[in-house]
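One is the number of the first residue; the rest follow in order along the sequence. As a basis for the values below, the full set of heavy atoms in this structure was taken, side chains included, without hydrogen atoms, waters or symmetry mates.
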Amino acid sequence: MSGLTPRARAFLDTWGRRSPRIAPVVASGSPEWARQVVLAHEEEFGGLLFPVLGGELSGWIRLGTRTSRIRTSSAGELIFNFAEPQFVQCGLVCRVDGYFGVSWSEEFLPWHADARRLIESSAMWAGLVGWRTSALCDGKPDDALAVLRGLHPEECGSSRETAWWRGDDIAVHVEPHLTYLPEGSSRVHVLTSGSEADRRVKRALEEAAKAGADLLVRPQNGSVAAPEESPFH
């Protein structure tokens, strides 16, 4: 699979699986060029299994489609189902330009710029096994990032709607909310490598919220755990 970073390749080598690929059946009536997009996606990604260890898409995901109907979203975009999730209740879909997203009904909510960015983001989560999930915030990511020092963007795992920042002892993941937050608001996951950073981050975020930052801060006390066995075969 081309275009992946060494980190993502190592992630797939460690946790990824590939189930037998079955040639998809693309419903008739779709434009031929769009049908070729579906077939190309299936050729490259079909049957690939991997875990997402945190965030809104948490759980195992199997990429690919066995029977696909290319349909038109409520905004006029051509989309098709392209992943089977373990836990997420909505559809995991691709737009014909390759953008990966979710769909509850006829809408398309963009998430990752393509399937590779989904894999890269999942590799970021896997690299944080053992880290603490210190806070979950809803609001403006810039308001959270402004009080969390020493972070740099991780471009390979980021897209327009989702992004990663890393520091020595802090990691931040920003993504949409599955049930739609107000315009300009995102879900912000803040993770830390130890107790001192955990206390520092919680204090900084809570003080920012009290001072008027556009953040709903929920302190957390969990951790990023290694995945259980895949439910897909």
Indicate, with yes or no, if W60 and L63 share a hydrophobic cluster defined by side-chain heavy-atom contacts under 4.5 Å among Ile, Leu, Val, Met, Phe, Trp and Tyr.
-> no
Should the ring pair H189 and H173 be called parallel, tilted or perpendicular, given that the plane angle runs from 0 to 90° and is split at 30 and 60?
-> parallel
With no hydrogens and no angle check, is any side-chain donor or acceptor of W104 less than 3.5 Å from a backbone partner on L178?
-> yes
Mind checking the CZ-NE2 spacing from R166 to H152? Nearest 0.5 Å is all I need.
-> 7.0 Å
How about F80 and V93: do any of their side-chain heavy atoms sit closer than 4.5 Å?
-> no
What distance do E175 atom CD and H112 atom NE2 have between them, rounded to the nearest 0.5 Å?
-> 7.0 Å
Does the ring centre of H41 sit less than 6.0 Å away from the ring centre of F82?
-> yes
May I ask you to say whether E84 pairs ionically with R62, meaning some side-chain N is under 4.0 Å from a carboxylate O?
-> yes
Assess whether atom CD of E228 is packed by more than 12 heavy atoms of other residues, nucleotides or ligands within 6.0 Å.
-> no
Does the separation of the ring centres of W164 and W125 fall below 6.0 angstrom?
-> yes
Polar side-chain atom of R117 near backbone of S158 as donor-acceptor pair, under 3.5 Å | yes
With distance as the sole test, does Q89 use its side chain to make a donor-acceptor pair with the main-chain N or O of F87 at under 3.5 Å?
-> yes
Quick one: do E77 and R71 make a salt bridge, cutoff under 4.0 Å?
-> no
Side chain proximity check, V174 to T162, heavy atoms < 4.5 angstrom | no
Got a second to check how far D198's CG is from N221's CG, nearest 0.5 Å?
-> 7.0 Å
Find out whether S74 and F108 are in side-chain contact, i.e. whether some heavy atom of one side chain is under 4.5 Å from a heavy atom of the other.
-> no
Minimum-distance pair of heavy atoms, taken over all atoms of L49 and S230 = CD1-OG, 3.9 Å
Rounded distance [0.5 Å steps], CH2 in W15 versus CZ in F50 = 14.5 Å
Measuring from L53:CG to S121:OG, what's the distance to the nearest 0.5 Å?
-> 10.5 Å
Do F45 and E42 have side chains that get closer than 4.5 Å, going by heavy atoms?
-> no
How many angstroms lie between CG in L191 and CH2 in W131, if you round to the nearest 0.5 Å?
-> 7.5 Å
Whether R116 side chain and S2 backbone form a donor-acceptor pair below 3.5 Å | yes
May I ask you to say whether E32 pairs ionically with R35, meaning some side-chain N is under 4.0 Å from a carboxylate O?
-> yes
Between L151 and L136, is there a shared hydrophobic cluster once you connect ILVMFWY residues whose side-chain heavy atoms come closer than 4.5 Å?
-> no
Look at K140 together with D142 and state whether they make a salt bridge at an N to O cut-off of under 4.0 Å.
-> no
Check for a donor-acceptor pair, side chain of R149 on one end and backbone N or O of A146 on the other, with a separation under 3.5 Å.
-> yes
Check whether more than 12 heavy atoms from other residues, nucleotides or ligands sit under 6.0 Å from atom CG of D168, and answer yes or no.
-> no
